[in-house]
Amino acid sequence: MSFRTPLSRGRYLRLALASIASLIAIWAVLARAGVLSSTYFPSPLSVGAAAGRLFLQQGLLIDISASAGRIGVAFLVSALLGVPLALWMSCYKAVEAVFAPLVDFVRYVPVPALLPIFVLVSGIGEGPKFLVLFFGTFFQLVLLVLDDADAVPAVYFDAARTMGAGNGQLIRHVLVPYLAPQIYDRLRITLGWCWTYLVIAELVAVNRGVGHVIKEAQRFNAATDLFVSCIVLGLIGLITDFLIKLGYRRFFPYAAKSALQSS
Amino acid sequence: MLKTKIRRKSFASRSGAREVLGEVELTVPPATIVCLYGPSGCGKSTLLRILAGLDCDYEGEVFLNGREVKGPSRAVGMVVQMPLAFEWLSVRRNLEFGDRFASAVSPASGEQRATTEEMADLVGLSAHDLEQYPSQLSGGMKQRMAFARALLPHPEVLLLDEPFSALDFESRQALQEIVLTTRERYGTSFVCVSHDPEEVLYLADKIVVLSARPSRAITQFIPDLPAERTPRTRYTRCFQQAKRDLRGWLSGVSPGSENGRDVSPTGGRCRV
Ligand SMILES: Nc1ncnc2c1ncn2[C@@H]1O[C@H](COP(=O)(O)OP(=O)(O)OP(=O)(O)O)[C@@H](O)[C@H]1O
Ligand SMILES: [Mg+2]
């Protein structure tokens, strides 16, 4: 194997699929041999059967779309507020002074602990779910983007200013396009966190949602359902990540090229 | 004509103010190349940023054609050591980057402005290069792009902060020729920071030496060379002599001596 040399796409895919297949095979063999307790660690076949039941009879797709909807809204609000705020803070230190203490403070407060307060404040409807997802991502996102923005070398702004750019133009023509690929990637990571916080968000009074399915599975000790839910969440993550990465190459062809060159 | 008289420039630091520049006087007539020479960390980059109007927190003043410089403008451009590219734009759009900030009234004197193609040609970027992304260019080509981009707004003065030092030999020589051609063709003045005595000699009409921090402009050295330089100049006896003169003179320069005096060791009689 050559050091840090890209593989062909076909070779990469074959290896990845083989890895997944052998994991499942090992799992099947262990289950068959009775090494794993079937109560806590069901066999692949029974998990498959449970998946069929959940999807076909219990409408797991509806749960998935309910969860995806919650995440979509919270993530969108988080991004639409968080990214501009971070850029604004980075450009104007007075703005940073106003918001930084709040952001830094809330970032360390464990979001699950706030759940009762969210319920008190916003009832038991969609309010607390939104707030969990929002609090779980917004403050982290602000901090990440702020760090990225602060790291843009001053020479870029200097160059633009000697070409006549004013403050607004510096933001529009230098800061934002410079950071776009990084922000895009930060959003990808943030979206991943949303799925993590989902299970907490859906602890309170929900009828539909993947988090709800997990909670029910725990309640009734249905290990197979738990497995299905977790695998589904993992797959959703894998697929969205893949799609977002595809988009990265499309939106930022120049960045993809330089990555190729530097590897 | 760019004129500056700086009395003091300091940066705030935890242990009080850190004085970087002392008294520095500098005059850059039109179509002149002034080279700044000085020890590492003596404040050359700081001085350039002041000249560009990027740093206004100092005691003293900078005048461009009799008007005080109070902020950055298109009249004074800058090229830095790191080949700077707006990676998200094609090379062509990089060159034209400054256009979007141009006020509608320029060009001031109704003169014909150089086109993108003309400038690309001057710095040696091909039509093919123009359609690439900067990441597809070599470091030397990127720096040529940065030059062309800084020149397109037609600055009166272009400040060069060690723009050649990260480049290979060939690109370095090419860019030096570009500087000379630009001066010739557009009457642009240059203030160029460099650590390379040969480069300084080849380009400079006037060499200004700064002392260690807090820097003062110690003295000016006017190389005894014919005004017109060609690549051949480097191999003439005059050039070798001038190099010896500069070396000897630099080793003799000590802070506090000959403040501001113009020195031309052999009285300007050298002919090729
Ligand atoms: N923004 C700043 N804040 C505080 N100190 C600074 C700042 N910029 C520069 N300095 C200090 O001012 C001094 C001069 O820096 P400057 O970069 O102008 O030197 P230089 O002559 O360009 O050095 P070099 O030859 O290494 O490029 C240095 O000691 C540096 O630490
Ligand atoms: Mg410097």
Side-chain angles (χ1 to χ4, degrees), chain A residues 4 6 83 87 90-94 97 145 148-188 245 247-263, chain B residues 45 48-49 51-56 69 71-91 93-106 132-139 142 145-147 149-159 161 163:
Chain A
R4 295 192 66 171
V83 173
L87 297 182
S90 169
C91 293
Y92 302 104
K93 291 303 150 193
V145 177
D148 288 343
D150 283 345
V152 181
V155 279
Y156 282 89
F157 300 111
D158 286 353
R161 287 171 76 199
T162 57
M163 286 184 259
N167 287 354
Q169 290 168 319
L170 289 178
I171 296 176
R172 190 165 147 227
H173 294 291
V174 181
L175 184 66
V176 170
Y178 183 100
L179 283 179
Q182 290 172 62
I183 293 175
Y184 186 86
D185 210 50
R186 295 307 193 192
L187 290 176
R188 178 176 69 85
K245 278 181 181 159
Y248 187 94
R249 277 189 221 154
R250 211 191 147 74
F251 298 139
F252 313 111
Y254 57 92
K257 269 182 197 118
S258 63
L260 268 183
Q261 276 192 343
S262 69
S263 71
Chain B
S45 301
L48 289 196
R49 280 178 52 87
L51 293 180
L54 290 166
D55 187 341
C56 295
V69 172
S73 78
R74 289 165 67 83
V76 183
M78 179 123 107
V79 175
V80 294
Q81 179 174 12
M82 161 186 131
L84 188 125
F86 299 108
E87 302 282 352
W88 56 94
L89 300 174
S90 69
V91 173
R93 305 251 295 154
N94 257 276
L95 297 198
E96 292 163 357
F97 187 76
D99 286 359
R100 57 188 99 188
F101 312 124
S103 53
V105 287
S106 60
Q132 304 290 302
Y133 280 115
S135 59
Q136 292 164 292
L137 299 183
S138 69
K142 258 194 210 175
M145 177 188 82
F147 250 83
R149 187 179 54 212
L151 284 171
L152 264 165
H154 279 257
E156 269 181 62
V157 183
L158 189 58
L159 308 171
D161 197 351

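Only heavy atoms go into these numbers, but all of them, side chains included; no hydrogens, no water, no symmetry mates. Letters go in sequence order (proteins before strands), and every chain restarts at 1. Note that the coordinates shown come from a computational prediction; the quantities given were computed from them, not determined experimentally.
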**Student:** Is B:Arg149 close to chain A through its backbone or its side chain, or both, or neither, when contacts mean heavy atoms under 4.5 Å?
**Tutor:**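 Both backbone and side chain.
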
**Student:** Using heavy-atom distances under 4.5 Å, tell me whether B:Val80 contacts chain A through its side chain, its backbone, both, or neither.
**Tutor:**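 For B:Val80, the side chain is the part near chain A, not the backbone.
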
**Student:** Heavy-atom distance under 4.5 Å to chain B: side chain of A:Ala180, backbone, both or neither?
**Tutor:**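 Answer is neither: A:Ala180 stays 4.5 Å or more from chain B.
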
**Student:** What pair of heavy atoms forms the shortest contact from A:Arg161 to B:Leu54, and how long is it?
**Tutor:**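 Between these two residues, the closest heavy atoms are NH1-CD2, 3.8 Å.
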
**Student:** Do the rings of A:His173 and B:Phe97 sit parallel, tilted or perpendicular, given the 30° and 60° boundaries?
**Tutor:**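 Correct class here is perpendicular.
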
**Student:** Out of curiosity, A:Asp158 CG to B:Asp161 CG, how far, rounded to the nearest 0.5 Å?
**Tutor:**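 It comes to 10.5 Å.
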
**Student:** If you compare all heavy atoms of A:Met163 against all heavy atoms of B:Phe101, which two are closest, and at what distance to 0.1 Å?
**Tutor:**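 Looking at all heavy atoms of both residues, the shortest contact is O-CB, 3.3 Å.
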
**Student:** Kindly compute the distance separating CD (B:Glu87) from OH (A:Tyr178), expressed to the nearest 0.5 Å.
**Tutor:**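 That separation rounds to 8.0 Å.
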
**Student:** Could you report the tightest heavy-atom contact between A:Thr162 and B:Ala52, atom names first, then the distance?
**Tutor:**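 Nearest pair, atom of A:Thr162 first, then B:Ala52: CG2-CB, 4.3 Å.
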
**Student:** Contact part of A:Ala159 toward chain B, heavy-atom cut-off under 4.5 Å: side chain, backbone, both or neither?
**Tutor:**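 Side chain only.
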
**Student:** For atom CZ of A:Arg172, decide whether the heavy atoms of other residues, nucleotides or ligands shown that lie under 6.0 angstrom number more than 12.
**Tutor:**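 No, not enclosed.
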
**Student:** Are there over 12 heavy-atom neighbours, none belonging to B:Arg93, within less than 6.0 Å of that residue's CZ?
**Tutor:**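 For B:Arg93, atom CZ is not crowded (no more than 12 foreign heavy atoms under 6.0 Å).
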
**Student:** Which value, rounded to the nearest 0.5 Å, describes the distance between A:Tyr254 atom OH and B:Phe86 atom CZ?
**Tutor:**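 Result: 12.5 Å between the selected atoms.
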
**Student:** Which residue out of B:Pro155, B:Ala85, B:Ala146 racks up the most heavy-atom pairs below 4.5 Å with chain A?
**Tutor:**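 The candidate making the most pairs under 4.5 Å is B:Ala85.
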
**Student:** With the side chain counted from C-beta on, respond yes when A:Pro181 and B:Trp88 share a heavy-atom pair under 4.5 Å apart, and no when they do not.
**Tutor:**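 With C-beta onward as the side chain, the pair stays apart.
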
**Student:** Please classify the contact of B:Leu84 with chain A as side chain, backbone, both or neither, using a heavy-atom distance under 4.5 Å.
**Tutor:**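 Contact with chain A is through the side chain of B:Leu84 alone.
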
